Amino acid sequence: MKNDEIALKYSPQDIEDKWYSHWLEKKYFHSEPDDREPYCIVMPPPNVTGVLHMGHMLNNTIQDVLIRRARMQDKNACWVPGTDHASIATEAKVVAKLKEEGIDKKDLSREEFLKHAWEWKEKHGGIILEQLKKLGASCDWKRTKFTMDEDLYESVIDVFIDLYNKGLIYRGVRMVNWDPSALTAVSDEEVIHKEIQSKLYHLKYPIVGEKDAFVTIATTRPETILGDTAVCCHPEDERFLHLKGKSVIIPLVNREIPIIFDEYVDREFGTGCLKITPAHDINDYHIGIKHKLPSVDIFNDNGTINEKIGLYAGKDRFDVRKEIAVDLEKSGYLVKVEDYVNKVGFSERTNAVIEPKLSLQWFLNMQDIAKPALDVVMNDTVQFHPAKFKNTYRHWMENVKDWNISRQLWWGQRIPAFYAPNGEVVVAKTKEEAFEKLKMENGELRIEDVRQDEDVLDTWFSSWLWPISVFDGIRNPDNKDFKYYYPTSDLVSAPDILFFWIARMIIAGLEYSHKIPFKNVYLTGMVRDKLGRKMSKSLGNSPDPLDLIRIYGADGVRVGMLLTSPAGNDLPFDETLCEQGRNFCNKIWNAMRLVNGWEVSNTIEQPEYAKISIDWFDAKLNEQLAIIEDHFAKYRLSDALMATYKLVWDDFCSWYLEMIKPAYLQPIDSDTRLITLSFFDELLQLLHPFMPFITEEIWHILGVDGKKFGIEDEPDDDIIISEFPKSEVFDESLIVKFEIAQQIITEIRTIRKEKNIPQKDALTLFVKKNNEQPETLFDSVIQKLCNLEKLENISKKLENASTFIVKSTEYFIPLGDKIDKEAEKTKLLSELKQAENLLHSTQSKLSNERFVSSAPEQVITLERKKQSDAQQKIDVINKQLEQLN
RNA sequence: GGGAGCUUAGCUCAGUUGGUUUAGAGCAUCUGCCUUACAAGCAGAGGGUCGGGGGUUCGACUCCCUCAGCUCCCACCA
């Protein structure tokens, strides 16, 4: 393609869809087992009804970088995408949608409701996966899975039955976290405790048989007095010992309840006297059991007061709290109200205030199966990046509680437990199987009387099998895919689901495959806004990722996401990051336009400056490749990107291309052009995992290897499947020598700027060697970049010249009357001061006997070198100063 | 109430087992340039007593103690 057909600026819109379809067409994303080394990532399945947010962007960009790089390293890369049925969240959405249509879930049968839910899933499910394509995600879409797919569903049921048969799953009445909005129990992990500004109500309970005598209790939840069954004091609290054996009357309710004594009570807190409501508080529940108290449940499932007591029936718990406070005050039972901060549990999914509730649920005993999962993380069989999360993980695993796995919902895997009318329960895969089992106990039983449990399983009870079940490894562990891809390589996730998901996947992996599910866990941070707030829909502080892609291009956004997000660190997101990414795209684009526009000459000789520039960049490239490899090995993707960014922008564009580019309208020799194109190719390959679209486009504009080297029958491959660059041995001394040249060039540029000398006016540079041999290797480059008509060695100082010193070599640029002696003098004096400071510090070290005797040889040699360098520099500067005077 | 981690330039972060001249990077800032690849750019420059205090050491951003501030996780104190 000729340059006049190429846009002046990179325009991503034109090319992203083109290349994405091309990649799909060529089936580059699809993987089948073969004899290569597998590299596999299973995508953390987003909620099927979700839309793409910034967290997904970050997470999936990282996964795509890892997958694309592995693919280019000739591993068999497989990225399995999919979605999660997210039972609570999806069911809540479907219920809300039906409500809008005037349909109440209560009026629907289970089958009717599920029909609506599946319709909703078909309509909205998968939007998020389509959005990921815009980002460039190179997932194996043929392997897309859904946690309620038939095979995954069956795997969940099989696992439930197996765990039940092993005695690890049990059913029992426990105090659980009840979500009055979703109308289901949730696990401990699904409850988020937040500090809430609330009130502490002090209430008087009249003592039975004593006139005008009361005990005062303090509570944050006055509405629960309806369910009180005792008042409790500390057995050694002298203030209350006289109440032993007495009773009190619950205000308004007028029920008589005993005064009991228990060491649980904190004498210092509140009034030192506690009301006991066993049905609605976990502590009270335990005290209730201990003291054999009755339990009075006062709530309906939706958080309204039931009719048991006859007061406030049907009213919401929070309305009643206000109302009862007023009523208590009116009747004289309210002593005072204090402001008080306490922690309240909220439902992770619905944000409703959790109600502790006694109910019959299914639980998984975690104690024993968690142990091996703790070990594999602590001994780094599964590696966490960053490793600091090992601590958090250990703490949770060592204190793991039984997992409430039943949910009072319909959307999900239905619990395979079946009941006979007499209450007998069996766990079986089908109703028929259950019937057979039940019939052995009860010959009279008819299959119509067998009833399946109404509840479904926690969503995480299906996603904990994800890395296994996407390959059908539960039902069919000997299948080819499972044996090849599992254990997967890397998991990219966020710390907030460390327990929900990651820990449980490791547990399930060890229990059901006897292997770890993945070797590395990369934990990203949270995407936050500029003010440090978590991005959320309710705050409206989250940009629409697709808008960002439209504005900055997918590659620009990817770079923006990755630039400042080291593993485990939060990403303070700012659109200017995407701008930086877009600018980088443009920089690469323009470098392409330069290289692409050159006329080639087969006759001209390769200039000296080009030869040495090529040697230098080759060394620099390999040096940086080694560094980038190291960053990747340590999962430091931001650092890998930044190193690549600087290599491309600074070393390649700002230095190398300027060093070799021919004068305007002059042709370039073919050797230099070819080697430059191959450097460009390597850089594009290095960039490709981060910036897939622009690199594929430029790769094709510049022409693949075949065209470039005049070999027309080279296969016409795409960059996506080309080979990722590897570092080779390089000449480090070239890099060090060039650094000196860079200093000289910078000094000359500074002089040009200070003296206002345009680049087109040629200068002369004189070099006077002092103590060391000046480096001349890059003289041709210095001459070219600084537009020097002459570069000459001299043995005497030069008058009326601007000077600078690099190492201990003096450089002079004759400028005639442009020399400002005072300014030169000031410059020299400040340099002198620096050198003297350095000299002093080295001298004081070296004159310290204990330093000389105890520091290692190397350090002392270095210090001596510093000292002599400083001394030399001081001498040179002093001589120059003499001359100025 | 326990536990973990963090505090280095205006912002976001590097800084490997204490010793690489005067602690680095990107962005931002300032100055000068529309120099035919690129103003979404080029060139140059400034900016930090490494949170405070103490200690160990010949030597501390790095190790120890202490104080302060921030963050996260866990926990049934009304």
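Per chain, numbering begins at 1; letters A, B, ... match sequence-line order. This one's a predicted model, so the numbers in the text were calculated from it and none came from an experiment.
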Please determine if a side-chain N or O atom of [X] lies less than 4.0 Å away from the OP1 or OP2 oxygen of [N].
X: A/Tyr645; N: B/rA25; answer: no
X: A/Asn583; N: B/rG41; answer: yes
X: A/Ser854; N: B/rG59; answer: no
X: A/Thr392; N: B/rC74; answer: no
X: A/Asn569; N: B/rC13; answer: yes
X: A/Trp649; N: B/rC42; answer: yes
X: A/Lys661; N: B/rA37; answer: yes
X: A/Arg749; N: B/rG44; answer: yes
X: A/Lys9; N: B/rA39; answer: no

Specify the separation, in whole Å, of atom CG of A/Asp496 and atom C1' of B/rU71.
15 Å
Quick one: do A/Arg593 and A/Asn596 satisfy side-chain hydrogen bond (donor to acceptor under 3.5 Å, both in side chains)? Show the steps, please.
CA-CA 5 Å; A/Arg593 289 180 57 237; A/Asn596 194 52; over 6 Å; no
By the 4.0 Å heavy-atom rule, please label [X] as base, sugar-phosphate, or nothing.
X: A/Arg636; result: sugar-phosphate
X: A/Tyr285; result: nothing
X: A/Glu658; result: base
X: A/Pro856; result: base
X: A/Leu274; result: base
X: A/Tyr340; result: sugar-phosphate
X: A/Val595; result: nothing
X: A/Thr842; result: nothing
X: A/Asp266; result: base
X: A/Lys865; result: nothing
X: A/Thr746; result: sugar-phosphate
X: A/Thr564; result: sugar-phosphate
X: A/Asp869; result: nothing
X: A/Asn596; result: nothing

Candidate nucleotides [options], ranked by approach to the side chain of [X] - the nearest:
X: A/Lys753; options: B/rA78, B/rC74, B/rU31; result: B/rU31
X: A/Lys388; options: B/rA43, B/rA75, B/rG5; result: B/rG5
X: A/Asn586; options: B/rC38, B/rC73, B/rU12; result: B/rC38
X: A/Leu862; options: B/rU20, B/rA37, B/rG19; result: B/rU20
X: A/Phe851; options: B/rG19, B/rA37, B/rC27; result: B/rG19
X: A/Lys866; options: B/rA25, B/rG2, B/rU21; result: B/rU21
X: A/Lys646; options: B/rC38, B/rU22, B/rA25; result: B/rA25

Between A/Asp875 and A/Gln871, do the side chains contain an N or O donor and an N or O acceptor separated by less than 3.5 Å?
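Yes - a donor-acceptor pair under 3.5 Å links their side chains.
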Whole-angstrom distance between B/rG53 and B/rA60, as gauged at atom P:
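Approximately 15 Å lies between the P atom of B/rG53 and that of B/rA60.
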Rounded P spacing from B/rU16 to B/rU21 in Å
14 Å
Both A/Val852 and A/Arg593 contact RNA chain B. Taking the nearest nucleotide for each, which residue is further toward the 5' end?
A/Arg593
I want to confirm an ordering. Mapping A/Val265 and A/Thr576 to their closest nucleotides on RNA chain B, which one lands closer to the 5' end?
A/Thr576
For RNA chain B, just give me the dot-bracket, please: Watson-Crick or G-U, both distances below 3.5 Å, ( ) intra-strand, [ ] crossing earlier pairs, | paired with another strand, . unpaired.
(((((((..((((.....[....)))).(((((.......))))).....(((((..]....))))))))))))....
Please list all pairs passing the side-chain hydrogen bond (donor to acceptor under 3.5 Å, both in side chains) test where one or both residues lie in residues 837-853 of chain A, with sequence neighbours left out.
none
